[in-house]
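These notes concern the structure reproduced below.
One-based numbering along the sequence shown. What you see is a predicted model; the values in this text were computed from it and never measured.
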Amino acid sequence: MNRFRISTPEGTRDLLFSSCRALRQTENAVRDALEERGYSEIITPAVEYFDVFAQANPELDQDQMLKIIDKSGRICVARPDNTTPIARIAATRLDDAALPVRLYYSQKVFRSVSGDHGHKGEFLQVGAEFIGADGLEADKDILTAAFAALSKTSADNFRVELGHAEIYKALMDELGADAQSAEGIRRLIENKSFAALGDALEPFKGKPAAKALSAMPNLFGGIEVLDEVESLTGNVRVLGATAYLRRLYQALDEAGYGDRIMIDLGLVHEMDYYTGIMFRGYIGGAGAAILAGGRYNALCAKFGKDMPAGGFGIDVESVADSLAGQSRPEVATRRDTVRIALTKGRLEKKTLALLKAAGYDISELEAGTRKLIFTLPDSGVEIVLSKAADVITYVEHGVCDMGVVGKDTIMEKGGSFYEMVDLGFGKCRFALATKKGKDVYGGYKTPVIATKYPAVTKAFFNKKNMDVETIKIEGSVELAPLLELADGIVDIVETGTTLKENGLEVVENVAPISARVIVNLASAKMKKAAIQKVIAELENGLNN
């Protein structure tokens with residue numbers, strides 16, 4: 001029997017019995033909370049024309065959409081988000097509706113996911129859109145609805161972080177960077193890549209905005225974060241945004257949600273989409289944000305009617321899974337523990353040496369057992385030993401709070417996490433090498449490149465607008481050009497001795513490599529103090 005006839009597509013899953021009950025219970029709790037606040041349900045088609053989403057957000061990643069061709073040849077997509085179709089309806093179907101209007105939905109979204117990463121490609125989302133109102137009271141309405149919805153699910157350990165799109169936009173306008181540089185800086189801030197951000201801002205170091213931008217990845221925490229950014233810049237637009245966040249924070253605090261709020265000025269995702277406040281929500285046990293929303297005043301106008309709007313969506317499946325997990329004792333005991341995944345080998349030994357220098361008891365790891373998980377005595381820290389690629393998997397999914405892994409693995413595997421510290425050891429580099437005298441850049445032949453790192457290789461040549469054929473090699477990649485299988489290789493180079501002994505030479509360096517500290521998205525917010533303590537101790541060890 002062909003197994004593809006009976007298995008589910010990548011990113012989808014069957015839910016049975018108790019899982020269904022848990023999901024429906026969470027879904028109904030959120031729906032009830034929204035209906036109690038005057039939100040009315042709306043249902044949109046599961047399949048829409050691709051043009052709807054392309055018109056709303058031209059920068060939307062097409063690779064993440066599931067595409068369908070209808071009988072007339074038009075490209076359709078399985079609904080990749082819920083807000084855009086509702087904005088289409090609001091602009092084209094609600095002419096007679098009295099504004100503002102409160103709408104909510106409970107329907108699935110669909111994404112194309114990479115194999116073997118464990119990401120969901122289909123999930124149920126319940127969310128709300130408040131259309132036709134702007135300002136403090138409207139934003140308060142949206143956020144208090146989100147708080148009420150999460151509270152109704154019986155979640156007791158969630159947090160919501162606030163940011164403002166205007167802060168980044170104002171600083172970038174002041175910086176005067178070109179579009180490509182601005183996008184690179186935005187990504188580095190979003191990923192909290194401190195070291196790389198410093199390098200990207202080096203050409204602008206004489207400009208006042210560069211100092212504030214370089215601090216943005218670390219500007220998350222309590223209301224004091226607003227004091228910090230105000231001390232770094234006198235930009236009028238930035239100060240206006242921080243003053244607005246203060247007023248909104250106060251309004252939410254007076255509504256009883258002050259202990260649930262964090263500030264993160266490094267929220268800089270989808271900057272062409274959001275026009276004001278942005279927010280994300282986290283819950284213990286979930287490795288990524290379970291809530292996302294903000295103000296998108298320009299969206300409805302793209303469908304012909306200019307109306308302010310804001311809203312949010314909740315991943316109710318992740319909330320249900322988290323609530324189910326909280327009843328397990330091993331999950332409850334991890335709330336106050338920082339679990340660190342270490343790459344076995346040289347990076348492991350160097351990281352453990354830093355921890356030992358900081359006063360941690362690593363004697364059990366030094367004893368040479370076959371255990372893979374270790375609890376460091378009297379520290380609230382656990383160590384997990386794994387292969388490099390698995391470090392990223394464990395951190396991304398939230399079963400480990402942080403990890404130490406080489407930049408080579410990060411570049412090849414990718415993932416959603418914060419890259420917070422360059423530890424500086426394990427230094428080497430990616431390089432393009434060929435047989436002496438071989439020109440891979442000239443001629444009309446498409447170069448063939450052998451590598452253990454196809455993603456890194458393709459990204460490198462894409463930046464040069466070059467087409468190449470890549471061949472994945474698992475062993476000694478230097479053999480490929482010697483056997484005339486490939487024109488060149490992209491590989492990790494430390495001293496270059498192996499290349500020289502095999503008649504190869506470095507043509508161009510691709511990227512530097514060193515050990516990095518990565519942190520789970522939710523853990524960075526839910527366990528900020530504990531994680532920053534460990535990071536500070538690692539950095540102190542480097543300086544001693």
Side-chain angles (χ1 to χ4, degrees), residues 11-34 82 106-109 111 113 117-128 143 145-161 257 259-262 264 279-293 312-339 341 382 384 393-403 415-418 519-528 530-531:
T12 67
R13 59 175 178 164
D14 297 317
L15 292 179
L16 294 100
F17 312 134
S18 61
S19 296
C20 288
R21 287 194 295 272
L23 176 61
R24 294 305 181 201
Q25 183 177 358
T26 303
E27 176 194 12
N28 290 334
V30 176
R31 290 169 62 110
D32 290 347
L34 294 176
N82 282 302
S106 179
Q107 50 194 29
K108 290 190 174 183
V109 293
R111 310 273 170 80
V113 296
H117 280 250
H119 296 157
K120 291 186 296 185
E122 174 194 28
F123 54 94
L124 181 64
Q125 191 179 70
V126 182
L143 278 158
F147 283 120
L150 289 175
S151 298
K152 193 88 168 181
T153 67
S154 300
D156 63 352
N157 62 334
F158 69 86
R159 296 291 184 274
V160 174
E161 59 182 9
Y257 299 113
D259 60 338
R260 302 285 190 182
I261 306 170
M262 302 180 293
D264 186 356
F279 53 92
R280 285 178 176 170
Y282 299 91
I283 188 172
I290 48 85
L291 175 147
F312 63 86
I314 296 175
D315 179 353
V316 293
E317 291 190 35
S318 292
V319 175
D321 290 344
S322 177
L323 292 174
Q326 289 175 20
S327 62
R328 299 199 303 270
E330 68 272 18
V331 174
T333 56
R334 277 208 58 231
R335 286 190 181 182
D336 300 320
T337 301
V338 174
R339 183 179 284 170
E382 287 183 349
V384 176
T393 300
Y394 297 145
V395 171
E396 186 175 20
H397 285 272
V399 295
C400 289
D401 301 299
M402 54 191 296
S416 299
F417 47 79
Y418 294 134
V519 179
N520 172 262
L521 299 178
S523 298
K525 310 301 170 62
M526 304 293 286
K527 300 181 179 181
K528 179 186 177 183
I531 286 173

- [ ] Return the minimal non-hydrogen interatomic distance between Ser322 and Ala286, and the atom names on each side.
- [x] OG-N, 4.1 Å
Open item on the list: Any carboxylate oxygen within less than 4.0 angstrom of a Lys/Arg side-chain nitrogen, looking at Lys525 and Asp264?
Closed with: yes
- [ ] To the nearest 0.5 Å, tell me how far Met262 CE sits from Met526 CE.
- [x] 7.0 Å
- [ ] Over all heavy atoms of both residues, which pair between Gly11 and Val113 is shortest? Give the atoms and the distance, please.
- [x] CA-CG2, 3.8 Å
Open item on the list: Can you tell me which residue among Glu317, Glu27, Glu122 is in a salt bridge (Lys or Arg N to Asp or Glu O under 4.0 Å) with Lys108?
Closed with: Glu122
TODO: Can you see which heavy atom on Val30 is nearest to which on Ala149, and at what distance?
DONE: CG1-CB, 3.8 Å
Task: Asp401 versus Ser523, closest heavy-atom pair with distance - done: OD1-OG, 2.7 Å
Task: Interatomic spacing from CG in Leu150 to CZ in Arg260 - rounded to 0.5 Å - done: 8.5 Å
- [ ] Enter the distance from Tyr282:OH to Asn157:CG here, rounded to the nearest 0.5 Å.
- [x] 14.5 Å
Task: Distance, nearest 0.5 Å, that separates CG of Leu291 from CD of Gln125 - done: 9.0 Å
Open item on the list: Quick check: closest heavy atoms across Lys152 and Ala29, and the distance to 0.1 Å?
Closed with: CG-O, 3.2 Å
Task: Approximate separation, where rounding is to 0.5 Å, of Thr26 OG1 and Ile290 CD1 - done: 10.5 Å
Open item on the list: Between Ser106 (side chain only) and Val126 (backbone N and O only), is there a donor and an acceptor less than 3.5 Å apart?
Closed with: no
Open item on the list: In the structure I gave you, are the side-chain heavy atoms of Tyr418 and Met402 within less than 4.5 Å of one another anywhere?
Closed with: no
Open item on the list: Quick check for you: to the nearest 0.5 Å, what is the distance between Ser416 atom OG and Glu396 atom CD?
Closed with: 5.0 Å
TODO: Identify, with sequence neighbours excluded, every residue that meets side-chain contact (heavy atoms from CB on, under 4.5 Å) alongside Lys528.
DONE: Phe220, Gln532
Open item on the list: Please evaluate residues Lys120 and Asp315 with respect to the criterion side chain to side chain contact (heavy atoms under 4.5 Å, CB included), reporting the C-alpha separation (whole Å), side-chain torsions for both, the decisive distance (0.1 Å), and the verdict.
Closed with: CA-CA 11 Å; Lys120 291 186 296 185; Asp315 179 353; 3.1 Å; yes
Open item on the list: Applying side-chain contact (heavy atoms from CB on, under 4.5 Å), can you list everything that pairs with Ala155, at least two apart in sequence or on another chain?
Closed with: Thr153, Phe158, Ile283, Leu323
Open item on the list: What verdict does the side chain to side chain contact (heavy atoms under 4.5 Å, CB included) test give for Leu34 and Arg31, after you've listed the backbone C-alpha separation in whole Å, the side-chain angles of each residue and the deciding distance to 0.1 Å?
Closed with: CA-CA 5 Å; Leu34 294 176; Arg31 290 169 62 110; 6.0 Å; no
Task: Partner set under ring pair (Phe, Tyr, Trp, His ring centres under 6.0 Å) for His397, not counting sequence neighbours - done: His119
Open item on the list: Quick one: does any side-chain atom of Asn520 pair with a main-chain N or O of Gly287 as donor and acceptor, under 3.5 Å?
Closed with: yes
Task: Tyr257 and Phe147 aromatic ring geometry - parallel, tilted or perpendicular at 30°/60° bounds - done: parallel
